[in-house]
Amino acid sequence: MSGGPTQAALIAAANAAMAHAYAPYSGFRVGAALGFADGSVVIGANVENASYGLSLCAETVAVATAMAGGVRGGLVAVAVTGGPGGAPGSDPVTPCGRCRQVLCELAELGETDPVIWCAGADEVLETRLSALLPHAFGPRSLR
Ligand code: THU
């Protein structure tokens, strides 16, 4: 990975973001941190809603925050952490299907394939967005 925050820094940012999760319904708190090639970090946390289906995942909140701030590429790494009660669970949280698609939009804009670090209590699962969402439908598909 060229540029971008270290794994430890990005997971620490995701953990800090998790503290702001609003998850009164599931009790499952998630934090996400996006790392960019210039070293910047944008965070998100899950934001649930009394109308349960309207809840937003941490990764989606982070992507929306970055893009609303004008970011259109440079996504080189993503860290996700979470679990019941606000502590990383024994199984690392991997981005849900919708979040994979949302992450893909920003990644494809900058033609990157970000590394994904999913932090569990005792391990970090490392993968790539292209592995989580192969043969993705993205902005390029509409050209
Ligand atoms: N959640 C996330 O924030 N990210 C994921 O990738 C998986 C699920 C949230 C959604 C909901 O608020 C809670 O975790 C339980 O599903």
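Numbering of ligands and ligand atoms starts at 1, following listing order.
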Heavy-atom side-chain proximity of E59 to V80 below 4.5 angstrom: yes
Under 3.5 Å: donor-acceptor pair, side chain of E48, backbone of C57: no
Shortest non-hydrogen contact from V93 toward G82: CG2-O, 3.5 Å
Set of residues that line ligand 1, where lining means a heavy atom lies under 4.0 Å from it: S26, F28, V30, N46, E48, C57, A58, E59, T94, P95, C96
Flag, side chain of S40 to backbone of F36, donor-acceptor distance under 3.5 Å: no
Side-chain donor or acceptor of D113 paired with backbone N/O of S130 under 3.5 Å: yes
L129 side, atom CG; E108 side, atom CD - distance, nearest 0.5 Å: 9.5 Å
